[in-house]
Each structure stands twice: as C-alpha cells, then as structure tokens.
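First comes the structure, then the notes that go with it.
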Amino acid sequence: MYTYKIKFIVLKDTIAFEIKAENRLVVEGFVNDLLSIFVVISKDNKLTINSLQEFSEDIENEITKFIDKYKTKLPQLNAVSAFFKKLKFGDKFIFLPNIEMELAESIELRDYLRALDEGKSYEEITDKTTDLFGDLISKYNFGVVGDQRVSIGEKEKNKRLCRFCQNKSLPTTFNNKAHAISEALGNKAVVLFDECDTCNKRFGKTIEPDIIQYLALFRTIFKVKGKGGEKKVKGKNFELRHEEQVSLKFYSVADRPKEPDKEFKLNLKVKQPIVAQNIYKSLCKYFLSIIDNRYLPHFKRTIDWINGNLEVDNLPKIAETISYHSFSVQPKLIYYIRKTDDKKIPFAVGEFHFTCRVFAFIIPLSNQDDKDFIDKKDFDVFWKTFQHFDKSKGWVFNDYSNKNARELSINLNFELNNKNGST
Ligand SMILES: [Zn+2]
C-alpha cells in the first residue's frame with residue numbers, strides 16, 4: 001500500500017488528507033498533479049517547492065482543476081476546496097507534502113505565519129527562510145512511521161527474506177510478530193514481516209534491553225503502555241511509579257532531596273548497567289526495519305555491526321533534545337535517505353521520538369558514505385543541512401560509542417506544584 005499525506009496550514013486552520021492506493025502509479029500521478037501546482041523554477045533551473053505559499057488567482061484555478069479531477073475518487077478533497085474558499089488572495093499558507101506535522105511544529109510554523117500576519121514584510125522573512133524544507137526535500141527522501149498501523153515487508157511467510165540474516169539463521173521461521181520498534185517502548189503499530197524469529201529473539205537479548213532500560217524512566221513518567229501494560233521503574237536507589245500520579249520513592253533517606261524547595265535535583269541510579277553502543281545499534285535497527293528494502297544493500301556493514309559481527313570503536317555523536325511540541329506516546333521514527341551523490345552529507349539519518357525525547361542520528365557504515373562524520377567539521381556540515389534541527393534549541397551531542405556496560409545515573413530536575421507533592 002502506498003500512501004502520501006498532504007497538509008495545508010493557515011494561521012487559524014489546518015487541513016490534512018492522504019491518498020492511499022495499492023498501485024504506486026496511482027499515488028504518483030496524484031502527487032505529481034498536486035505538486036505541479038506549487039512548483040517554481042528557480043534561477044538555476046531547479047524545480048523547487050516552497051513550503052510558504054501565497055494564495056493567488058492562479059493557485060485558485062489550479063486547485064479547482066485538481067480537485068475536479070480527483071474528487072470522485074477522493075471525496076475528502078471537498079474539504080480542501082472549502083478550506084481554500086475561505087482564503088483571500090495574498091493570504092499566506094503553508095504546504096507540507098508528506099511531511100510530518102511534528103517536524104513542522106518543531107520550527108513553530110504558526111509563529112512564522114503570525115509574524116507574517118503582523119505585517120513584517122514577506123521579503124524580509126522569506127529571505128531568512130526562503131524555504132523551510134525545500135532544500136532538504138531536494139537532498140533527501142523522507143517519511144515517518146509510528147502513528148499509523150503498518151506492516152512492512154512481504155505478507156506471505158514462505159516468501160520472506162530476513163533483513164538481518166538473509167535467512168541464514170536455521171531453521172528460518174517467521175512465526176512471531178516482530179515489532180519494527182521495540183514493543184516495550186509502546187510500539188504496537190509498526191510491524192516488520194521481514195525479521196526472522198531467531199534475529200528477533202537475538203535483538204531482544206543483545207541490544208534492545210539497553211535502550212529500553214535507558215528510556216524506562218520516561219516510559220513510566222509518561223505512562224507509555226509497553227508489553228504487559230504500564231511499568232514501574234525500580235532503580236538502585238529509587239522506585240518510580242505512575243498510577244494516579246507520578247510517585248518517586250527513595251530507598252535511603254540520604255538520597256532524598258535535601259531541601260524540599262520548588263525545584264529538586266535528583267540523581268537516579270538505574271539498576272542494570274547499560275552499554276551505550278547498544279542504544280545506538282537499536283536506533284539503527286529500528287531505522288533498518290522501516291526503510292524500503294531496496295535500500296538495504298547499502299547497509300551490509302551496518303547490519304554486520306548490529307549483529308555483533310563487526311566491531312566499531314568510534315561513532316558519530318547522537319543529537320538529543322527534549323521537545324514538548326512534538327510529544328508522542330507512540331514512538332515515532334522519521335527516516336531521511338539521501339537522493340543525491342553529495343557525499344558531504346550522510347546517506348542516511350534517523351530522527352527518533354519517544355515521549356518528549358528526540359534523537360537525531362546518522363546511520364553509520366553505509367557504502368554510500370565516504371566520511372564517518374566523527375570529525376566535528378564533517379558533522380557540522382550534516383547539522384547545517386538539517387536546518388529544521390538546527391533551528392530548534394537545546395540540542396546536546398552525546399557519544400554512544402562506549403562498548404562497556406556502565407552504571408547509568410540520570411540527573412533530573414523536578415518542579416513541584418506543592419510541597420507535599422510527589423516524593
Ligand atoms: Zn534473521
């Protein structure tokens with residue numbers, strides 16, 4: 001099944017619709033007709049689509065033609081027609097072809113439209129952000145999984161090829177449901193057909209426990225339902241539950257916050273030691289589970305590494321931030337795959353959302369890269385290309401290369417609403 005999502009945003013209204021079809025050509029035809037309304041030819045003869053659009057008579061005519069052509073097949077388009085009827089010529093709107101809203105929200109599109117609405121000149125603002133995504137659209141294919149039910153890969157069991165062992169694990173069986181993203185992190189929606197039982201079990205023992213434990217605290221605070229429902233977290237020095245409210249108990253008085261002020265700084269020690277590199281491997285395993293299988297030949301060494309058959313000592317940094325804008329209870333993964341030969345930027349990048357946490361990571365070891373992006377200068381080129389990351393603040397860059405199991409402690413700042421609150 002092929003799907004394509006479209007969203008239009010004005011200051012006080014949003015409309016989204018999607019087309020789904022078994023036949024890829026049907027989707028492509030529809031998408032091409034739609035995109036052609038918004039395409040402009042730039043000075044250097046490139047076709048680009050600006051996310052920021054201005055409603056005009058031309059656009060009105062083109063949209064009317066487009067809707068007339070497809071509305072019998074896709075009745076939702078009548079709502080699109082109503083959406084545009086409310087606009088006046090000159091009104092600004094944002095067009096998001098197949099781009100997740102969370103991405104859009106993360107760069108505060110509405111604030112942007114508001115700034116325009118408040119009379120800052122169109123040129124002044126468009127100069128700064130000529131195109132919110134345009135540049136990235138020309139360099140990367142991207143898509144998202146997580147909020148919709150999807151099964152990736154071959155439906156028929158006897159035709160399946162395991163992405164991680166090429167059916168070399170004998171006997172190769174496909175009887176268990178393999179979750180593309182760990183079920184323990186709340187993923188119920190995204191299933192991978194092309195993962196054999198042996199690989200599935202192995203990942204569950206080798207790399208996934210580290211990421212699950214690493215994120216366990218957030219899972220409990222935000223009541224993410226994993227396998228077997230909500231979980232409490234037992235640490236070395238604490239226990240965290242979330243029933244009616246979040247409650248945190250320390251086993252020893254010494255570990256309790258000293259002065260019950262409005263703000264607590266807490267140091268929580270997680271029970272099992274964690275291997276940082278396994279967290280990186282798990283993120284890449286998720287990525288390899290959701291991309292189209294035509295890309296897999298480019299990741300042979302990445303797969304070897306995830307499987308434990310290739311040792312790597314240094315990995316690029318993982319960028320992390322906390323974003324309440326793009327909060328998601330279902331874990332969500334956005335993939336970016338380079339569509340040009342520009343080897344200054346990585347071939348593949350993932351953006352993983354779990355509760356309020358966001359991880360942006362390069363997929364290492366692809367045969368389409370000649371850099372490893374460990375050098376800061378190389379990494380910076382990548383980071384500047386992904387403008388929508390760079391625009392939101394609060395990113396930290398962490399090294400997940402360590403292969404040794406280490407005790408993890410998490411520093412959290414808690415704010416209490418009342419003094420008898422949650423300790
Ligand atoms: Zn396998």
Side-chain angles (χ1 to χ4, degrees), residues 2 4 24-25 27-28 31-32 35-36 38-51 96-100 103 107 129-145 152 163-164 166 280-281 283-306 310 312 314-319 333-352 359-391 397:
Y2 293 89
Y4 198 90
R24 184 182 177 147
L25 293 176
V27 177
E28 277 180 2
V31 170
N32 283 336
L35 295 185
S36 67
F38 301 101
V39 152
V40 286
I41 298 165
S42 63
K43 280 173 216 151
D44 50 349
N45 272 326
K46 273 192 205 139
L47 297 178
T48 56
I49 292 172
N50 292 322
S51 292
L96 297 177
N98 232 14
I99 294 169
E100 246 323 83
L103 271 177
I107 51 167
T129 8
T130 314
D131 190 349
L132 298 174
F133 299 102
D135 205 25
L136 203 64
I137 289 174
S138 70
K139 289 175 174 145
Y140 283 88
N141 287 317
F142 51 101
V144 61
V145 300
I152 298 159
R163 293 185 170 205
F164 304 100
Q166 304 286 308
Y280 206 142
K281 284 184 181 179
L283 290 171
C284 293
K285 189 266 160 188
Y286 299 160
F287 180 95
L288 295 169
S289 300
I290 64 156
I291 55 173
D292 193 290
N293 60 9
R294 75 191 143 109
Y295 295 119
L296 291 172
H298 300 311
F299 297 104
K300 281 192 176 133
R301 295 178 67 227
T302 318
I303 292 168
D304 280 346
W305 168 62
I306 291 170
L310 178 73
V312 175
N314 289 306
L315 291 160
K317 297 262 167 61
I318 294 184
L333 181 58
I334 300 164
Y335 64 84
Y336 303 83
I337 295 189
R338 197 183 66 215
K339 55 186 180 188
T340 68
D341 283 333
D342 182 1
K343 296 198 172 173
K344 289 202 256 346
I345 50 177
F347 178 62
V349 173
E351 178 186 333
F352 183 59
F359 299 82
F361 55 101
I362 292 169
I363 315 304
L365 304 166
S366 163
N367 69 355
Q368 298 297 296
D369 283 323
D370 52 19
K371 288 182 170 41
D372 56 19
F373 300 95
I374 291 166
D375 188 279
K376 190 174 181 301
K377 258 193 240 145
D378 296 336
F379 188 91
D380 286 348
V381 173
F382 146 66
W383 195 248
K384 295 235 158 64
T385 306
F386 282 69
Q387 314 172 15
H388 64 285
F389 291 161
D390 203 21
K391 271 186 197 118
F397 300 90

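Checked for salt-bridge contact, K376 and D380 meet the test: a charged N lies under 4.0 Å from a carboxylate O. Of the charged side-chain nitrogens involved, none lies within less than 4.0 Å of a carboxylate oxygen, so that K377 and D375 do not count as a salt-bridged pair.
Between S289 and F164, some side-chain heavy-atom pair lies under the 4.5 Å cut-off. Looking at heavy atoms from C-beta onward, I303 lies in side-chain contact with L288 at the 4.5 angstrom threshold. Counting only heavy atoms from C-beta outward, the side chains of N141 and Y295 approach each other to under 4.5 Å. Between Y140 and P346 the shortest side-chain heavy-atom distance falls below 4.5 Å. You'll find the side chain of I306 reaches within 4.5 Å of the side chain of C284, heavy atoms only. Taking the side chain as every heavy atom from C-beta outward, F397 and P316 never approach each other to under 4.5 Å.
Here CG of L283 is found 8.0 Å from CG of L333. Values are rounded to the nearest 0.5 Å. Taken to the nearest 0.5 Å, the CG atom of D369 stands 9.5 Å off from the CD1 atom of I345. N367 contributes atom CG, which lies 8.5 Å from atom OG1 of T302 (distance to the nearest 0.5 angstrom). Here F347 contributes atom CZ and I337 contributes atom CD1; the two are 5.5 Å apart, rounded to the nearest 0.5 Å. Separation of atoms NZ (K139) and NZ (K344) is listed at 9.0 Å; rounding is to 0.5 Å. Summarising the geometry, atom CD1 belonging to I290 is positioned 11.0 Å from atom CG belonging to D292; distances are rounded to the nearest 0.5 Å.
The local environment of NZ in K343 is crowded, with over 12 non-hydrogen atoms from other residues, nucleotides or ligands closer than 6.0 Å.
For R163 (side chain) and L296 (main-chain N/O), no donor-acceptor pair under 3.5 Å exists by modelled atom type. Distance alone, capped at 3.5 Å, is enough to place a donor-acceptor pair between the S366 side chain and the H298 backbone.
The aromatic rings of F379 and W383 sit parallel to each other, their planes meeting at less than 30°, with 60° as the upper class boundary.
Results of the side chain to side chain contact (heavy atoms under 4.5 Å, CB included) test with E351 over Y336, Y335, F287 single out Y336 as the only residue that passes.
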- List the steps and the verdict of side-chain contact (heavy atoms from CB on, under 4.5 Å) for L315 and W305. CA-CA 12 Å; L315 291 160; W305 168 62; 3.7 Å; yes
